[in-house]
Amino acid sequence: MARRNDHTREELVSLTLKTVKEFLGSHSYHELSLRKIATMIGYVPSTLVNVFGNYNLLLLHVVAQTLDELSSEAKAVVCHGKDPEQALYKLAYCYHDFAQKNPHRWQLIFEHNMNGEELPEWQAERIDTMTSMLEGLLKVIAPQRSDSEILRTSRVLWSGVHGITLLSVDDKFFASEPIDGKALIEDLLSNYLANW
């Protein structure tokens, strides 16, 4: 086992999160435990508790890094949209593609539970960044809409894209022929926006 002073706190955080993300590259977070992570990095579980607070917060840091990566990719595709409507489609496709590339990390984002603990502000800010990107595009597309209409529409579209993405990642469309999740997202957005 590594001694407590083999790594600085920052190095230990980095090593732990890198190890967990690599594990999630091919395995579900359901296969993880505090003891397993500690063993993978050569430390004892109590060291990780001292650094992260608890296992739940350790996983939340993994979620935070995953959201940062998704947010970075989303900002890049939105910036390269020719107009706000095209940027909206690109944002939705980016969400789908990110989940396809990182299914286990993406799953952790939505299945992680704070178990009654309050969500830390640093995590709430990340979620706000993602939702405000969508709301910002909708405000430009339909400036006449009220803030409450924008909020509602953003949640309808996000829920639809999320549902399609979830079924696509898990291959649960239950169809006799392959279904392209991105084609379904295009149908959802084009039909919704045409009637909005």
Side-chain angles (χ1 to χ4, degrees), residues 13 17 20-21 24-25 29 56-114 117-170 172-173 179-196:
V13 167
L17 298 180
V20 172
K21 288 190 298 184
L24 294 174
Y29 77 94
N56 201 23
L57 288 172
L58 187 159
L59 290 181
L60 191 62
H61 279 84
V62 176
V63 169
Q65 285 194 350
T66 302
L67 283 174
D68 287 346
E69 290 173 35
L70 174 56
S71 179
S72 176
E73 289 184 23
K75 285 176 185 170
V77 299
V78 165
C79 286
H80 290 98
K82 294 178 189 166
D83 57 63
E85 196 165 317
Q86 186 198 52
L88 180 67
Y89 281 84
K90 285 181 172 270
L91 177 61
Y93 299 151
C94 174
Y95 186 85
H96 179 273
D97 291 346
F98 185 89
Q100 291 280 5
K101 287 185 295 191
N102 306 283
H104 300 296
R105 290 176 65 201
W106 184 80
Q107 177 188 41
L108 178 60
I109 294 173
F110 296 99
E111 293 186 9
H112 182 267
N113 189 324
M114 288 302 295
E117 294 180 55
E118 190 170 326
L119 189 67
E121 188 173 325
W122 50 266
Q123 184 65 356
E125 288 172 2
R126 283 175 168 84
I127 295 167
D128 289 345
T129 297
M130 288 301 298
T131 57
S132 64
M133 206 179 308
L134 174 56
E135 291 162 19
L137 289 172
L138 291 172
K139 282 180 186 175
V140 175
I141 292 168
Q144 74 282 8
R145 298 287 186 169
S146 69
D147 288 346
S148 62
E149 288 175 310
I150 295 290
L151 180 65
R152 181 176 175 182
T153 299
S154 73
R155 295 317 186 263
V156 167
L157 293 178
W158 176 73
S159 297
V161 169
H162 178 76
I164 291 167
T165 300
L166 180 63
L167 294 171
S168 185
V169 167
D170 292 342
K172 299 281 185 180
F173 286 121
I179 294 182
D180 180 1
K182 287 169 80 170
L184 295 183
I185 288 171
E186 182 177 355
D187 289 347
L188 170 73
L189 294 178
S190 59
N191 287 312
Y192 193 92
L193 293 175
N195 294 304
W196 189 48

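Computed from a prediction, not measured in an experiment: that's the story for all the values here. For the numbers below, each heavy atom of this structure counts, side chains included, while hydrogens, waters and symmetry mates do not.
Nearest approach of M133 to K75, heavy atoms of both residues: CE-CG, 3.6 Å. Closest non-hydrogen pair, L193 versus L138, comes out as CD2-CD2, 4.5 Å. Scanning all heavy atoms of the two residues, the minimum distance from I150 to A142 falls at CD1-O, 4.1 Å. The two atoms that bring A64 and W122 nearest to each other are CB-CZ3, 3.6 Å, heavy atoms only. Heavy atoms only, all atoms of each residue included: E135 and L151 are closest at OE2-CD1, 3.5 Å.
For E69, the side chain to side chain donor-acceptor pair (under 3.5 Å) criterion is met by R105, not counting sequence neighbours. Taking S154 as the reference, nothing meets the side chain to side chain donor-acceptor pair (under 3.5 Å) condition, with sequence neighbours excluded. In this structure, the side chain to side chain donor-acceptor pair (under 3.5 Å) partners of D97, at least two apart in sequence or on a different chain, are K182. Applying the side chain to side chain donor-acceptor pair (under 3.5 Å) criterion to E73, with sequence neighbours excluded, gives K101. Applying the salt bridge (charged side-chain N to carboxylate O under 4.0 Å, His left out) criterion to R145, with sequence neighbours excluded, gives E149. Residues passing the salt bridge (charged side-chain N to carboxylate O under 4.0 Å, His left out) test with D68 are R126, sequence neighbours excluded.
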Candidate pair L134 and L88, rule side chain to side chain contact (heavy atoms under 4.5 Å, CB included), full reasoning: CA-CA 7 Å; L134 174 56; L88 180 67; 3.1 Å; yes
Test log, rule side chain to side chain contact (heavy atoms under 4.5 Å, CB included), inputs V77 and Y93: CA-CA 9 Å; V77 299; Y93 299 151; over 6 Å; no
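Of the inter-residue distances, the one linking L67 atom CG with T129 atom OG1 reads 9.5 Å to the nearest 0.5 angstrom. Distance check: M130 CE to L91 CG gives 6.0 Å after rounding to the nearest 0.5 Å. To the nearest 0.5 Å, the span separating CG on N102 from CG on L70 amounts to 9.0 Å. Atom CG of residue L60 and atom CG of residue L108 lie 9.0 Å apart, to the nearest 0.5 angstrom. In this structure, the separation between CD1 on I164 and CG on D187 is 8.0 Å, given to the nearest 0.5 Å. To the nearest 0.5 Å, atoms CH2 (W158) and OG1 (T165) are separated by 10.0 Å.
Below 30°, between 30° and 60°, or above 60°: for H162 and W106 the angle between ring planes is between 30° and 60°, a tilted geometry.
The main-chain N or O of A74 is never found under 3.5 Å from a side-chain atom of Y95 such that the two would form a donor-acceptor pair. A donor-acceptor pair is defined here as one N or O able to donate and one able to accept, closer than 3.5 Å; no such pair exists between the side chain of H96 and the backbone of A92. Of the possible donor and acceptor atoms, one in the side chain of Q86 sits under 3.5 Å from a partner among the backbone N and O of K82.
Aromatic ring centres of H112 and Y29: separated by at least 6.0 Å.
Inter-residue side-chain proximity for K139 and P84 is flagged as unmet; no heavy-atom pair is nearer than 4.5 Å. With contacts defined as side-chain heavy-atom distances shorter than 4.5 Å, the pair L167/I179 does not qualify.
Crowding of R155 atom CZ: a count of heavy atoms from other residues, nucleotides or ligands under 6.0 Å exceeding 12.
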